[in-house]
Amino acid sequence: MAADPVSALAESLGSEVVLERPGEATHGDYATNAALRLAGTRRKPPRELALELAAQAESLPAVERAEVAGPGFVNLFLGDAWFVDALSVMLDQGVAFGADSAAERLKIQVEMVSANPTGPLHVAHGRNGAYGDSVARLLEFAGHDVSREYYYNDSGGQMERFRASVDAVRRGEEPPEDGYRGDYIRDLAAKPGDPVPEMLHRIEETLERFRVHFDTWERQSVVERRLPELLPKLDTYEKDGALWARSSAYGDDEDRVLLRSEDRSPTYRAADVPYLVEKMDAGFGRAIYVLGADHHGTRNWYAAVARMLGYDPERIEVLLYQLVHLTKGGEQARMSRRRGDIVFLDDFLDEIGVDAGRWYLVSRGPDQTIEIDVDLAAERSQKNPVYYVQYAHARIAGILRNAEGAAGAVTLAEPLAPEERELVKRLAEFPEVVRDATERRGPQAIPAYAIRVADDFHRFYHEHRVLESEQEAFRLALCRATQSVIARSLQLVGVDAPERM
RNA sequence: GCGCCCGUAGCUCAGGGGACAGAGCGGCGGACUUCUAAUCCGCGGGUCGGAGGUUCGAAUCCUCCCGGGCGCGCCA
């Protein structure tokens, strides 16, 4: 793992020391509560430990002074030299800054979206993609070998109704009562043959536009072929003429039907079994399922299947995200393109753009229900903070265009200004922010952080001239590092970093 | 009834044990002869749903209650 400046400073104070940025300037550049945490186990008063730690800190060249405050916080005030060093380290690491935090490099599959191809993707699928893909990007950045898969049902009741609906329109009839309707059905009916591949093709186009690229596509009918050989390996029983999996004995909330009583045909849940085996056989150290909250009832099913078959359940991970509620003027929006509601993902993207769309959908934590008022979405999107962040990136690009010559050494001509110190510290947070977002599967931390970086940069920019200033060498370096961190942050959530705006 | 998620500023939401709780939007008032004003600065705004508990310290962890969302199919 590449050592980042803050971790390095913390480690020089002891392995238990974690540094954080205090909210107030009078509390120093960094602070640690290590004395408070260790007071119990060390059987010493926190203030005493804090004094020892402060003395130790002051012996470090980077530390100008250390103060003990409150119940036992140690506040560190750093000299300019530390900021120069920190910036140099970031620039030396370049694109690797904050990367490769994984303790163990894993082969990981992220299966997401997986909407059945009975119609265009809507905004909720967009959330699945924005969330799942951002998690995948974070995992890749951490050093894992990630592959994205789309799994869909190409047989069964839903698909039959879908095909029947298209066929009906082709015959000039109305789709059946329980069928699918809408303009897209008419479009599909205009082309001969099975509408499923065409529907899937359109879905893929939407996803590519949304910058979610799938490495593999898997379908239920293929997966199901291995079901007969696997059924005997499961813990099952017969009841009411159906075959049940005794999944509740393996950590699931309930038992599940595998073969229907009516015709002994496999349920969707049954297909999960060979599908999971396929993932395990493929050697994924971690198989991630990205599911909407409406599927949370099955979150324990997958690991139960793994246990039943003797696989390590740790290899299974289910990520849940809450739903997207669409409203129009305060009322539940209908999913009708005809009415002009922005519910299909493509319409949503037409309306607000891919950058604002991805940003918006990934900015909310997965546990938060997203409320979108379709009347306000387009209007609000112009005020999306994504542009604030992109603008910082474009501003830097402008400076660097005007700067002549390659990067020199990071040198200091005069004492650092507060805005410069704040910006360096902000950039230095990046590795920890990314690590935390990755481990918690919480990509929403990245946009929140990127706003802070842009914030600090815009303030710096407003106060200080970069080119042809005494401090040009340092400030150019600061600009390069800032641009790099913003570009990486945006990339991690699938947003473009423009050179000009 | 049971399970999962949520309740933080007028609105949309960050923050998931640390020091007086943050941002954006909205409102009001300022700042461009300078590398992009899609920017910056200031003002106003909160019983962090409620009550107990754990802790030196709780918006954050635990319990209960109140409100809202979603599940509890031989649909997917």
Side-chain angles (χ1 to χ4, degrees), chain A residues 20 22-24 26-27 31-33 36-37 39-40 45-47 69-73 75 114-116 118 152-153 156-159 161 220 239-244 253-254 256-272 292-300 320-323 325 360 363-373 376 379-380 382-392 394-403 436 440 442 444-445 447-449 451-452 454-455 457-469 472 475-476 479 500-501:
Chain A
E20 51 190 38
E24 203 181 313
T26 60
H27 293 148
T32 181
N33 61 2
L36 289 161
R37 307 191 77 91
R47 294 276 305 187
F73 292 102
N75 298 329
S114 296
N116 284 341
T118 56
Y152 63 98
N153 183 200
Q158 264 197 21
M159 299 313 298
R161 281 195 291 281
Q220 189 179 333
K239 193 180 92 180
D240 302 332
L243 184 72
W244 293 69
D253 303 15
E254 58 191 2
R256 314 274 178 178
V257 172
L258 298 173
L259 299 179
R260 296 184 176 91
S261 56
E262 192 178 324
D263 55 2
R264 306 294 284 181
S265 64
T267 61
Y268 184 79
R269 290 275 80 85
D272 288 336
D294 52 339
H295 291 81
H296 84 259
T298 59
R299 77 187 182 288
N300 294 324
L320 292 168
Y321 61 91
Q322 296 300 311
L323 303 181
H325 284 155
Y360 187 83
S363 292
R364 274 70 178 163
D367 289 337
Q368 194 73 235
T369 303
I370 292 183
E371 305 280 352
I372 299 178
D373 188 320
L376 294 178
E379 183 190 327
R380 288 258 173 91
Q382 289 156 12
K383 289 154 187 164
N384 192 308
V386 73
Y387 301 119
Y388 180 79
V389 176
Q390 288 183 320
Y391 185 55
R395 266 185 154 176
I396 296 170
I399 295 171
L400 297 181
R401 269 195 302 276
N402 293 331
D436 193 52
R440 288 171 40 188
Q444 75 278 6
Y449 168 74
I451 290 173
R452 295 283 79 78
D455 217 12
F457 174 76
H458 285 309
R459 197 170 297 120
F460 157 77
Y461 179 92
H462 190 261
E463 289 298 319
H464 306 286
R465 173 120 194 133
V466 174
L467 299 176
E468 289 155 23
S469 69
E472 181 176 303
R475 288 179 185 160
L476 269 177
C479 283
R500 296 172 198 270
M501 284 178 76

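Chain A is the first sequence line, chain B the second, and so forth, proteins listed ahead of strands; every chain is numbered from 1.
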What is the nucleic acid contact for [X], judged by heavy atoms within less than 4.0 Å: base, sugar-phosphate only, or nothing?
X	answer
A:Leu323	sugar-phosphate
A:Asn75	base
A:Arg500	base
A:Gly157	nothing
A:His27	base

Check: For B:G16, does the O4'-C1'-N9-C4 (purine) or O4'-C1'-N1-C2 (pyrimidine) torsion place it in syn, i.e. within 90° of 0, or in anti?
Finding: syn
Next item on the list: Based on the glycosidic angle (syn within 90° of 0, else anti), state the conformation of B:C66.
Entry: anti
Margin query: Tell me which nucleotide, if any, is Watson-Crick or G-U wobble paired with B:C2 when both distances must be under 3.5 Å.
Written below: B:G71
Check: In the structure shown, which nucleotide is the Watson-Crick or G-U wobble counterpart of B:G10, with both distances under 3.5 Å?
Finding: B:C25
Notebook entry, point to check: Pick the nucleotide of RNA chain B nearest each of A:Val257 and A:Pro385; which residue has the one closer to the 5' end?
Noted result: A:Pro385
Checklist line | First of A:Leu400 and A:Leu320 reached from the 5' end of RNA chain B, by closest nucleotide | finding: A:Leu320
Item checked: Face-to-face contact A:Phe73 to B:A19 six-ring, under 5.5 Å, under 30° -> yes
Say we look at [N] and [M]: how far apart would their [atom1] atoms be, to the nearest angstrom?
N	M	atom1	answer
B:A59	B:C6	C1'	14 Å
B:A19	B:G30	P	36 Å
B:G69	B:G26	P	30 Å

